[in-house]
Amino acid sequence: MVAGICAGAVVAALLASGTGGAGSTGSPDGYAMRTDARFAPVAALLPSAAVTYDTKLVPAAAWIEVGQRTTVGGATTVRLRVDGMVPGHAYAVHVHQKPCGADPAAAGGHFQHKPSTDPADVTADNEVWLDFTADEHGAGEASARHDWNFREGEASSVVIHDMPGSRVRAACFTVPFGWAP
């Protein structure tokens with residue numbers, strides 16, 4: 001990590017096997033991962049896996065951590081922790097299909113367990129929603145648990161939206177989500 005400023009740190013471990021690493025597909029027992037980074041503007045000298053598009057909502061150097069635990073044929077839990085955000089602000093956070101890019105739209109749409117174009121399927125049951133309100137110090141956390149797993153290569157980032165119900169993408173964090181068979 002470069003002085004803890006813009007480089008992401010990834011710790012990935014396969015449950016029970018003690019082998020594998022970032023991008024691993026899992027073991028017979030599942031998949032577990034945790035990654036963190038500091039947000040940096042798109043044009044930052046030192047690039048980061050966490051990109052802020054709106055530094056008023058997600059300040060440069062704010063911190064994010066995402067963890068995942070998935071069991072084979074069972075459940076997936078995703079956890080989010082942040083620090084350095086706007087105190088008292090409500091944010092909407094969702095898992096998206098593609099990695100972050102310079103263009104906020106690069107992350108694609110929300111990952112959906114049952115892909116659909118019907119707006120009625122945009123729900124916390126069909127997607128991973130990690131909404132939170134930053135506390136008086138700018139910290140926040142959320143978790144979501146589902147009785148389904150991600151599909152290979154279809155979940156690649158976490159997008160922070162301005163507020164629940166907003167389509168404004170304030171920031172994005174590329175995450176090595178995994179899956180279990």
Side-chain angles (χ1 to χ4, degrees), residues 1 7-39 48-51 62-83 85 90-101 106-135 139-161 164-165 169 171-181:
M1 193 147 61
V10 175
V11 177
L14 299 178
L15 299 175
S17 71
T19 62
S24 296
T25 59
S27 75
D29 299 314
Y31 177 86
M33 168 280 304
R34 185 185 69 210
T35 183
D36 73 307
R38 297 273 177 185
F39 285 98
S48 176
V51 180
W63 173 81
I64 185 169
E65 177 185 75
V66 174
Q68 174 195 356
R69 185 175 191 112
T70 298
T71 60
V72 175
T76 296
T77 300
V78 178
R79 289 192 169 87
L80 169 84
R81 293 187 328 153
V82 294
D83 197 16
M85 308 298 276
Y91 296 88
V93 182
H94 306 108
V95 171
H96 278 246
Q97 298 169 344
K98 299 178 182 177
C100 307
H110 296 179
F111 172 87
Q112 291 187 322
H113 171 58
K114 295 179 181 174
S116 173
T117 57
D118 184 347
D121 292 326
V122 177
T123 67
D125 290 332
N126 195 36
E127 301 179 351
V128 179
W129 291 10
L130 300 160
D131 299 359
F132 70 92
T133 299
D135 69 15
E141 60 183 61
S143 66
R145 183 186 179 286
H146 292 286
D147 290 330
W148 42 261
N149 294 327
F150 291 126
R151 290 179 300 279
E152 182 177 353
E154 293 187 33
S156 299
S157 62
V158 169
V159 172
I160 299 176
H161 297 270
R169 296 179 184 199
C172 184
F173 180 34
T174 299
V175 177
F177 288 113
W179 58 95

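One is the number of the first residue; the rest follow in order along the sequence. Worth knowing before you read on, the calculation uses all heavy atoms, side chains too, and leaves out hydrogens, waters and symmetry mates.
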Would you say the side chain of Asp121 lies within less than 4.5 Å of the side chain of Glu127, judging by non-hydrogen atoms?
no
For the pair His96 (side chain) and Gly108 (backbone), establish whether a donor and an acceptor sit closer than 3.5 Å, ignoring hydrogens and angles.
yes
Give me the atom names and distance for the closest heavy-atom approach of Leu130 to Val78.
CD2-O, 3.5 Å
Note: Val175 and Met33 closest approach over all heavy atoms is CG1-CE, 3.5 Å
Between the main-chain N or O of Tyr31 and the side-chain N or O of Gln68, is there a donor-acceptor pair closer than 3.5 Å?
no
From Gln112 CD over to Asn126 CG, what is the distance, rounded to the nearest 0.5 angstrom?
5.0 Å
Do you know the tightest heavy-atom contact between Lys98 and Ser156?
C-CB, 3.4 Å
Of the non-hydrogen atoms in Cys172 and Phe39, which two are nearest, and what is the gap between them?
O-CE2, 3.9 Å
Spacing of His113 atom NE2 and Arg151 atom CZ [to the nearest 0.5 Å]
7.5 Å
Atom CD of Glu141 and atom CG of Asp135: how far apart are they, to the nearest 0.5 Å?
9.0 Å
Kindly give the heavy-atom pair with the smallest separation between Ala50 and Ala37, and that separation in Å.
CB-CB, 3.9 Å
Any salt bridge between Arg145 and Asp147, counting N to O under 4.0 Å?
yes
What pairs meet the salt bridge (Lys or Arg N to Asp or Glu O under 4.0 Å) rule with one or both residues in residues 72-82, with sequence neighbours excluded?
Glu65-Arg81
Would you say the side chain of Val82 lies within less than 4.5 Å of the side chain of Tyr91, judging by non-hydrogen atoms?
no
Under 3.5 Å, is there a donor-acceptor pair between the Gln97 and Glu154 side chains?
no
Any donor-acceptor pair under 3.5 Å linking the side chain of Ser48 with the backbone of Arg38?
yes
Closest approach of Ala155 to Phe111 (non-hydrogen atoms, all atoms of both residues):
CB-CD1, 4.1 Å
In terms of relative ring orientation, are Trp148 and His146 parallel, tilted or perpendicular, with 30° and 60° separating the classes?
parallel
Out of curiosity, Trp129 CH2 to Ser143 OG, how far, rounded to the nearest 0.5 Å?
15.5 Å
What's the spacing between His110 NE2 and Ser157 OG if we round to 0.5 Å?
10.0 Å
Looking at Thr76 and Thr70, would you say the former's side chain and the latter's main chain have a donor-acceptor pair under 3.5 Å?
no
Point-to-point distance, once rounded to the nearest 0.5 Å, from CZ of Phe173 to OG1 of Thr35
4.0 Å
Main chain of Thr71, side chain of Asn149: is a donor-acceptor contact present, judged purely on distance under 3.5 Å?
yes
